[in-house]
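Working notes for the structure below.
Hydrogens, waters and symmetry mates are skipped; everything else that's a heavy atom, side chains included, is used. Convention: sequence-line order gives letters A, B, ...; per-chain numbering from 1.
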Amino acid sequence: MTSFSDALCAWYRVAGRDLPWRRTREPYALWVSEIMLQQTQVEAVIPYYARFLERFPTVAALAAADQGEVLKLWEGLGYYARARNLHRAAQQVMAEHGGRFPSTFDAVFALPGIGRSTAGALLTFAFDQPHPLLDGNVKRVLSRLEDLDAPVARASAEERLWARSTELLAGATDAWTFNQALMELGARVCTPRAPDCPACPVATHCRAFAAGTQAMRPVKVKKAPVPHKDIGVAVLWNAARDQVFVQRRPPDGLLGGLWEFPGGKREPGEVMEDTVRRELHEELGLDIAVGAPVVRVKHTYSHFKVTLHVFHCHVLRGEPTLRAATEGGFRPLSELRKLAFPKANLRILDVLLSGS
DNA sequence: AAACCGGGGTC
DNA sequence: GACCCAGGTTT
């Protein structure tokens, strides 16, 4: 019988996709791709990858950039801590490694935003060093290969999968091709639903296929339902009615460093107009008038849902004083596109720019 | 170990 | 709607 790695690599050489980051061995470019690809599908990353490398072609260029511009290029991709960590790590590579991306596991693993799997991928793809990886695709492939009946989120199960990834890689002659092929198999054949087992090059090695349990693998524990919040949001115009107030969120946590229209969460029994008035008084020390509704925006985050209730507002008394926000002020609508906004706020901006 | 951290594609 | 994606960090 053909070995697992030979069968897998032979399939990849024929069926593997031609992706931008598979055409380079340049560590920095691969690094950018690996960070963008965390929890993000290939098709979504491709345009961001090209734009990011065009604007920041080197570690030095990225390290020298303003965080706001880095976030602007990340706008819409989500998990913005990835961009903040990448930016910070670039500065770390300049300071600690003379601008050259490190080539040892410990040094790569020490960079912010790079964990065990991403470090393994980078060392393999940039330096041809055989290090195992274990992303979502590989977890699924290996849990089926083993017919693993323990929830893959459990630490003991995950360690088993790491051991299997290590073991299978050791049987491969070409680590680069093997690791690419393992992920490609998960993305194209060994898919979450309806895996294409008849087309699988390693079906003869697969215990779940033999047992007919592939649809039940990997075993996942169901997640708790996410809470919902109603948020009152102000499109706050200045006295001349030609500028709106935007502010920058705190540097860490949810949507850290991005810009937004001010507002906050509705309290029990409160009507949305009162929420907006209260929040702007608390956040900015302003007395405002709440006028016509602009739009309602529903949005789902990883662990909660929101409905944004947006109103045209104007200042009755006072000057805005920033509390939680780090920057903010009245800006012409035409300048807001230069700032990085989260998706839900971009919808508001779209309405303001097209509707009025 | 569990929570936190976005957005989009898919069924 | 539910599930999942080239995961890592924080608590």
Identify whether any heavy atom of [X] sits under 4.0 Å from a base atom; if not, whether one sits that close to sugar-phosphate; answer base, sugar-phosphate or nothing.
X       : result
A155(A) : sugar-phosphate
G76(A)  : sugar-phosphate
I35(A)  : nothing
V45(A)  : nothing
R84(A)  : nothing
L255(A) : sugar-phosphate
T118(A) : sugar-phosphate
Q180(A) : base

Using heavy-atom distances to pick each residue's nearest nucleotide on DNA chain B, tell me which of P342(A) and A153(A) is more 5'.
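It is A153(A) whose nearest nucleotide is closer to the 5' end.
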
State yes or no: are the ring centers of Y301(A) and H299(A) separated by less than 6.0 Å?
yes

Among [options], the one nearest [X] by side-chain distance:
X      : options                : result
Q41(A) : dG7(B), dC4(B), dC5(C) : dC5(C)
E34(A) : dG8(C), dG7(B), dA6(C) : dA6(C)
N85(A) : dG7(B), dA6(C), dT9(C) : dT9(C)

Treating H314(A) as the side-chain partner and N238(A) as the backbone partner, does any N or O pair qualify as donor plus acceptor under 3.5 Å?
no

Start with the C-alpha gap between R22(A) and E184(A), add the side-chain angles, then the distance that decides, and say whether salt bridge (Lys or Arg N to Asp or Glu O under 4.0 Å) holds.
CA-CA 12 Å; R22(A) 286 179 174 162; E184(A) 187 76 0; 2.8 Å; yes

Report yes if a donor N or O on one partner sits less than 3.5 Å from an acceptor N or O on the other, where the partners are the side chain of T40(A) and the base of dG6(B); otherwise report no.
yes

Report yes if some heavy atom in the side chain of L37(A) is under 4.5 Å from a heavy atom in the side chain of Y49(A); otherwise report no.
no

dC4(C) and dG6(B), which share atom name C1', separated by this distance in whole Å:
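Between the two C1' atoms, the distance is 13 Å.
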
Quick one, N137(A) with R140(A), criterion side chain to side chain donor-acceptor pair (under 3.5 Å). Give me CA distance, side-chain angles, the key distance, then yes/no.
CA-CA 5 Å; N137(A) 283 323; R140(A) 185 172 55 256; 2.7 Å; yes

